[in-house]
Amino acid sequence: MSGRLDGRLVGLGITGSIAAYKAAELIRLLRAEGAEVQVLLTPSAARFVAPLTLAALSGHPVDGDILDLLPDGRIGHVVIADSADVLVVAPATAHWLGAMANGLAADPVTAACLATAAPVVVAPAMDGEMYAHPATRANVARLREGFGYTIVEPELGPLASGQVGLGRLAELSRIVDAVVAAAGDGPVRAPDPAARPPRLAVEPRDADLVGRRIVVTAGGTAEPIDPVRFIGNRSTGRMGVAIAEAALDRGAAVTLIAANVSVALPEAAEIVRVESTGQLRAALLDRLVGPDGAAAFDVLVMAAAVADFRPVAPTDVKLVRGGPMTLELEPTPDILAEVARIAHGLDATGARTRDPLQPRPVLIGFAAETGSFDRAADKLRRKGVDLLVANDVGEPGSGFGTDTNRVTVYAADSEPEAWPLVSKREVADRLLDRLARRLADRAG
Ligand SMILES: Cc1cc2nc3c(=O)[nH]c(=O)nc-3n(C[C@H](O)[C@H](O)[C@H](O)COP(=O)(O)O)c2cc1C
């Protein structure tokens with residue numbers, strides 16, 4: 001997915017116009033452009049369109065009461081004002097234009113607009129006479145010239161009153177274009193999900209992975225040196241766990257092979273605990289083929305940070321301090337490449353010796369890189385995987401231990417896609433969107 005509002009947060013203010021129902025479709029269009037949408041309502045708007053509908057469509061609880069606090073004690077309209085890339089008020093009533101022109105912050109929409117440094121887009125909708133009234137004209141002029149807001153002028157057409165006039169809410173595509181133009185191409189303002197308004201605990205999503213068996217590996221492996229010491233890495237398992245949770249939410253049966261993790265594991269998954277690369281490999285190979293010789297899972301997501309090297313000869317007794325010591329390391333087996341060979345029916349030399357596994361599992365790998373992704377496309381080909389998700393673990397906010405990630409997705413059959421810095425859950429959701437499409441195409 002790559003839209004014109006990728007990774008952006010749009011605050012959508014809805015006011016008490018008959019056109020408020022169109023805001024539901026506007027949410028869908030903004031999200032289709034890659035935006036996260038947070039709805040703000042005036043009290044009148046909540047009588048035109050149900051907050052439940054808007055929350056379900058946006059994935060965020062609606063901010064509809066200026067005097068309500070967020071569950072964590074933050075002030076909703078201030079959080080939105082501080083984190084949104086754009087605020088758009090659509091539809092904007094005559095009453096709201098008057099309140100805004102005069103700075104009357106009695107509802108969350110006006111308050112957020114007053115409190116924000118983000119650009120504001122306003123799409124008025126009302127009866128033609130109301131729009132033509134000098135009071136409304138003056139209010140619109142104040143918003144445009146005085147405050148620098150973008151006004152998406154209403155259109156001429158039939159109105160709810162039965163009359164024809166200039167006051168009909170602009171076509172939604174014009175409003176989306178105005179939001180895109182206002183957002184510009186600068187960086188996302190608040191990529192950290194903790195700085196944004198909260199999402200619904202469980203965002204309604206399509207159950208598009210029902211009946212699919214997905215194996216996810218997560219966390220960092222530990223390679224023993226002696227009974228108390230090991231070679232490990234900084235992986236916390238967050239990315240893999242986010243993928244497992246997202247897949248469960250979409251109806252998949254998930255096996256989570258967890259190496260060393262420091263986050264809670266989803267209860268609904270089958271959990272297999274491992275420590276070392278060798279154990280992870282054994283756990284995976286055990287589960288690759290079913291008793292009937294067919295593939296035992298549909299998808300493998302290798303999100304674990306697997307060691308590339310391990311001590312050649314771990315000792316049974318604790319090593320004691322003496323003189324200098326040299327630790328001899330050997331490369332570990334490339335588990336993903338090995339699984340890919342089995343899936344494709346190839347032997348270790350790359351020659352086809354058997355039929356490919358049926359149905360051929362979709363294989364998704366992760367590559368932690370530092371500095372450049374030059375090796376990623378080559379890795380994708382060499383390992384024989386379908387998708388490779390590369391991230392720069394040296395970049396702030398990306399990689400180990402953070403809640404966010406910036407990744408580039410390489411596919412065997414399309415151009416690489418660079419996604420913006422978003423939460424790991426969002427990376428998981430987007431990845432599963434691609435996966436679900438791939439599985440559906442295959443079935444088709
Ligand atoms: C059925 C109905 C439709 C309305 N449609 C509009 C409208 O399209 N534009 C408008 O400015 N006011 C409209 N109003 C009047 C507003 O709802 C009213 O001025 C309200 O106070 C606006 O509050 P708000 O601006 O805080 O949302 C409508 C009223 C009713 C009863």
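Start at 1 and go down the list; that is how both ligands and their atoms are numbered.
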task: Could you tell me which atoms of ligand 1, counted from 1 in the order shown, lie closer than 4.0 angstrom to a heavy atom of T15?
output: 27 (O)

task: Give the residue and atom name of whichever protein heavy atom lies nearest to atom 1 (C) of ligand 1, and the separation in Å to one decimal.
output: F48 CE2, 4.0 Å

message: Checking a contact table here: which protein heavy atom is nearest atom 25 (O) of ligand 1, and how many Å away?
response: T93 OG1, 2.5 Å

- prompt: Nearest heavy-atom pair of L30 and V179: which atoms, and what distance?
  reply: CD2-CG1, 4.2 Å

message: If you take the nearest heavy atom of each of A99, S17, G13, which one is closest to atom 8 (O) of ligand 1?
response: S17

Student check: side-chain heavy atoms of Y131 and L159 closer than 4.5 Å: no

- prompt: Where is the nearest protein heavy atom to atom 13 (C) of ligand 1: which residue, which atom, and how far?
  reply: G16 O, 3.5 Å

message: Can you name the atoms of ligand 1, numbered from 1 with element, that are less than 4.0 Å from a heavy atom of S44?
response: 20 (C), 21 (O), 22 (C), 23 (O), 24 (P), 26 (O), 27 (O)

- request: Would you check, one step at a time, whether the test salt bridge (charged side-chain N to carboxylate O under 4.0 Å, His left out) holds for D208 with R250?
  value: CA-CA 6 Å; D208 53 7; R250 297 165 88 130; 2.9 Å; yes

query: Any non-hydrogen protein atom below 4.0 Å of atom 18 (C) of ligand 1?
result: no

- line: CE (M126) and OG1 (T136) are apart, to the nearest 0.5 Å, by 5.5 Å

message: Between R430 and E417 (salt bridge meaning N to carboxylate O under 4.0 Å), is one present in this structure?
response: no

- prompt: Which ligand 1 atoms, with their elements, are less than 4.0 angstrom from a heavy-atom of W96?
  reply: 25 (O)

- prompt: Taking 4.0 angstrom as the limit, do R238 and D403 come out as a salt bridge?
  reply: yes

message: Only heavy atoms of A125, strictly under 4.0 Å: list the atoms of ligand 1 that pass.
response: 7 (C), 8 (O), 9 (N), 10 (C), 11 (O)

Cationic N near anionic O, under 4.0 Å, E338 to R341: no

- request: Considering the heavy atoms of T42, write down every atom of ligand 1 situated less than 4.0 Å from one of them.
  value: 24 (P), 26 (O), 27 (O)

statement: Numbered in order shown, the ligand 1 atoms found under 4.0 Å of a heavy atom of H95 are 19 (O), 22 (C), 23 (O), 24 (P), 25 (O), 26 (O)

I175 side chain reached by L169 side chain, heavy atoms, under 4.5 Å: yes

message: For atom 11 (O) of ligand 1, which of the options A92, P43, A20, A94 provides the nearest non-hydrogen atom?
response: A94

- request: Could you find the nearest protein heavy atom to atom 5 (N) of ligand 1 and give me its residue, atom name and distance?
  value: I18 N, 3.2 Å

message: Quick test of your reading of the model: are E33 and R8 salt-bridged, counting only N-O distances below 4.0 Å?
response: no

query: Heavy atom of A19 under 4.0 Å from ligand 1?
result: no

